[in-house]
Amino acid sequence: MSRLVLISSIGIGSWQTGAYFERKKFQQMFSDFDCISKKHFFKPGFPLMGTVSAATAFSPAPIQDKNVTANRIGQIMKYGFPGFDNIRSYDDFCLSYDRRNRVAHWVFEHLTAESVKHNDAVDRSKSDFKPDESVHKFFRSENTDYKGSGFDRGHLAAAGNHKQNQKYCDQTFYLTNMAPQVGKGFNRDSWNRLERHVRKLTKAYPNVYCCTGPLYLPKKESDGKLYVKYQVIGANSVAVPTHFYKIVVMETADNKLEMEAYVMPNQVIDDETPLKLFQVPPETIERAAGLLFFDKIQRQQLSKINGKSI
DNA sequence: TTTAGTGT
């Protein structure tokens, strides 16, 4: 089996905790992934396909100059929208909200060295987690849903990516930008490590485009059949994703394009696990999420995918 | 440095 497929199996196939390097677990992970990818991802009607409505509804956040924000959203979404379900645009990021699961389908950001550099004027401790009142109360997540759940309110667009001013940072604290994440061992550790890696890409690439979101992946149960199973928390039944993806496009100074794509399970992950092991082919995420990422870029235009020349 | 929840 190719190394790429083997690597893919880590992120996609396993709900196991513990040692990632044990041969047996690799094989188990692979067998789960194998049955997912070969038997189901290619079937029409596979239940993981996301719901993407043709009805586009822009709901820009209140702003002083709408042209400035419209231009910024144009920059952020330069390479296309992954889907058009319940779009919300904020000053420095843009998302599609899944009303059924009370978690975004995807969140898009455009990062530069300037936008992520340290800024003494911005303090995340001054930002409050707050419900987005623009979402109908039937479908909104509230702070009380997360309280006592054992899960973090994990940012999809990371606060650390929006340090140009306090307002940008504050807006990342809307609960539309949150998902229930395992705290210690995931959000505060390996997922944070991945976020820092993406920020670091801005040191080498002038423009970085980052799309982040949840996955709800099937797992083989004891009867040998595949089921999608996920916890929901709070009075609003906020879904706890089984996995999260991050797919990144980097523009080089000479206008070449490279892509990296990751899937990580929403569980405790050993801090020593190299991020490289969570890389997957971008198509794998697209099939699982029911979304097309960066569809204004033909994949042949990419000079590298996951560090490998194509 | 950044990621957070809980207890006071």
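By convention in this document, chain letters (A, B, ...) are assigned in the order of the sequence lines, proteins followed by strands, and residues within each chain are numbered from 1. Remember, it's a predicted structure, so these values are computed and weren't measured experimentally.
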message = Among residues at least two apart in sequence or on other chains, which ones pass ring-ring contact (aromatic ring centres under 6.0 Å, His included) with A:Phe244?
response = A:Phe186, A:Trp191
message = Categorize A:Gly160 for me: base, sugar-phosphate, or nothing, with a 4.0 angstrom heavy-atom threshold over every strand shown.
response = sugar-phosphate
ask   = Mapping A:Asn192 and A:Asp152 to their closest nucleotides on DNA chain B, which lands nearer the 5' end?
value = A:Asn192
task = Just call it for A:Gly154: base, sugar-phosphate, or nothing, with non-hydrogen atoms closer than 4.0 Å on any strand.
result = sugar-phosphate
inquiry  = Quick check: is A:Tyr168 connected to A:Met178 through a chain of hydrophobic side chains (ILVMFWY, heavy atoms under 4.5 Å apart)?
reply    = no
A:Tyr174 and A:Tyr97 aromatic centres sub-6.0 Å = no
request  = Working to the nearest 0.5 Å, report the span between OH of A:Tyr262 and CD1 of A:Ile247.
outcome  = 11.0 Å
inquiry  = Distance check, rounded to the nearest 0.5 Å: A:Arg124 atom CZ versus A:Thr172 atom OG1?
reply    = 7.0 Å
message = Angle between ring planes, A:His162 versus A:Phe93, binned at 30° and 60°: parallel, tilted or perpendicular?
response = tilted
inquiry  = Under 4.0 Å, heavy atoms only, any strand: does A:Gln181 hit a base, just the sugar-phosphate, or nothing?
reply    = nothing
inquiry  = Using the side-chain contact (heavy atoms from CB on, under 4.5 Å) definition, which of the options A:Lys78, A:Gln301, A:Met259, A:Glu286 pairs with A:Phe294?
reply    = A:Met259
request  = Enumerate the residues from residues 107-132 of chain A whose closest heavy atom to DNA chain B is under 4.0 Å, giving them by residue number; use none for an empty result.
outcome  = A:Arg124, A:Phe129
remark   = Closest to the 5' end of DNA chain B, once A:Gly148 and A:Asn161 are matched to their nearest nucleotides, is A:Asn161
ask   = Just the endpoints, please: which first and last nucleotides of DNA chain B, 5' to 3', lie under 4.0 Å from a heavy atom of chain A?
value = B:dT2 to B:dT6
message = What's A:Arg199 touching, base or sugar-phosphate or nothing? Going by heavy atoms closer than 4.0 Å.
response = sugar-phosphate
message = Quick check for you: to the nearest 0.5 Å, what is the distance between A:Leu275 atom CG and A:His197 atom NE2?
response = 6.5 Å
